[in-house]
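The block underneath contains the structure these notes are about, expressed in structure tokens.
Order of the sequence lines sets the chain letters (A, B, ...), proteins ahead of strands, with each chain counted from 1.
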Protein chains: 2
Amino acid sequence: MRRWRESLNLIERHMPFLRRSLHAGDGVQTAGDTFDCLHLVYFGAIKTMVLAADGYQQVAGLHLKGDWVGLDGIATGYSACDGYAMDTSEVWTVRYDELLRIGEHVPELVHVLHTAMGNQMARDREWRFAQARLPADARLADFLRSWAQALALRDMRTDDITLRLTRAEIGNYLGMRLETVSRSFSRLVEVGLLAFDDKRRRHVAIPDINALVAYVQSRIHP
Amino acid sequence: MRRWRESLNLIERHMPFLRRSLHAGDGVQTAGDTFDCLHLVYFGAIKTMVLAADGYQQVAGLHLKGDWVGLDGIATGYSACDGYAMDTSEVWTVRYDELLRIGEHVPELVHVLHTAMGNQMARDREWRFAQARLPADARLADFLRSWAQALALRDMRTDDITLRLTRAEIGNYLGMRLETVSRSFSRLVEVGLLAFDDKRRRHVAIPDINALVAYVQSRIHP
DNA sequence: CGATGTGTTGACCGGGTTCAAACAATGTGG
DNA sequence: CCACATTGTTTGAACCCGGTCAACACATCG
């Protein structure tokens, strides 16, 4: 069984949960709310954002089916970020205390939760690595690679990826300005590592993902 | 009771654990080892580092008493980073499977573990925020602030902080070069936000931590 | 003592930001 | 349907922060 199904299966079998259908832009959770629920993505894509006091918004994470949203609330007791659907989506909402209670009899439940948190940490570290050792072009390339591989893992199409983020959001996520993102896109297309789907600049095709991996590798900074 | 004591108290009361005394430089865990244990810092300071395939080392995190080390192994099943004592330290090592087993009867145990993971994620996000919005000087200032506050939280002296990291390691941790770290130090001393303890360049005093906070705030980038 | 590791400082350079202008896509109301 | 506003994207030019390379100042230690 694929890893991403584990959480869904376990929740479905052992937990009461609330199905929530969402359209693009709908909110999953709001930063500051007292934490009591976790959200498991059943399908679609969720974007989480942190809002600084001065109004600056930062993209915190992107979540596909099988991913958990809301984990960062466990420590503090309130949600740390806003969560929005980037697309028509469904999330399963479960109460944290119920999960712990039922987890006492179903250890696998606790373990998938731990795995999810561990994966989150691993992703953060990878991001940090990219930030420290990759120039802008390679960071964008690596972002697209990881996104494509996340889709592939879930048996979704990767030959025509629809980015549901603006250039500004991508840049925000990768730690660079939107102009730099745009230029990096242009350069990657120029060397044939990417291709835009006609005029729709948010549809990207990756002709050869191995070439993309090799490109990122080749640009790792000493 | 202070937050950092929770884990220590709970472990002490409910779990079998192995006390390990360490001297500066001793290893706590090695990247790649199959994961089965978590380590709780009882005193001292632990530094974790990830090693890239090409030999490049990156500082992943710093851990004081009450902090957990090894959480990132839960997801993958093997340790993701090396852990070293930066100082004379003691860690309590517990088996993860035992923690889960006993946790079935002591829910607080499970919860402190979750809290620890959540805190880790929160720190990672803060780091990301700093990376994206603070120039080099302010990043260093913010790093020293957070270190000082971590010490204060544990009733340790903050008027004469001993950095147990080289300029290169600090830079590595903050995403900048050692020369930039050095220059940033000089500038912060120049404006009176920091003071070196005589000739020992690794002993830093923070005359007014609020001023440091204000400085960081004032340099947040739009 | 020289050797080695660490820290500071200067000069130069370059990748990415900033500012600005123009264009494309989409929507809105008359 | 078109005029117009709005939002997102691309591209150019100038600038600047931080990286790079290099020299030097200290410590500590064999």
First of B:A136 and A:R167 reached from the 5' end of DNA chain D, by closest nucleotide: A:R167
Whole angstrom value for the distance that separates P of D:dT10 from CG of A:L178: 10 Å
Main-chain N/O of B:I220 paired to B:R133 side chain as donor or acceptor, under 3.5 Å: no
Within 45° cone and under 6.0 Å: B:R167 NZ/CZ vs B:F185 ring: yes
Sidechain-backbone polar pair: B:R128 side chain, A:A60 backbone, donor-acceptor under 3.5 Å: yes
Atom-to-atom span, CG of A:D137 to P of C:dG15 - whole angstrom: 10 Å
Phosphate OP1/OP2 of C:dG16: any B:H221 side-chain N/O under 4.0 Å: no
Length of the CZ-C1' vector between A:R139 and C:dT17, whole Å: 13 Å
Length of the line joining B:R177:CZ and C:dG7:C1', which is rounded to integer Å: 17 Å
Under 3.5 Å donor-acceptor, A:S182 side chain and A:L178 backbone: no
Interatomic distance, A:H203 NE2 vs D:dG8 C1' [rounded to whole Å]: 14 Å
Length of the CD-P vector between B:E190 and C:dT9, whole Å: 9 Å
Rounded distance (Å) that lies between atom P of C:dA25 and atom CZ of A:R201: 6 Å
D:dT11 phosphate, OP1 or OP2, under 4.0 Å from A:S186 side-chain N/O: yes
Sugar-phosphate, base or nothing in reach of A:S182, heavy atoms under 4.0 Å: base
Nearest-angstrom distance from the residue atom CZ of A:R183 to C1' of D:dA13: 9 Å
Phosphate-side-chain proximity, A:T180 and C:dT17, N/O vs OP1/OP2 below 4.0 Å: yes
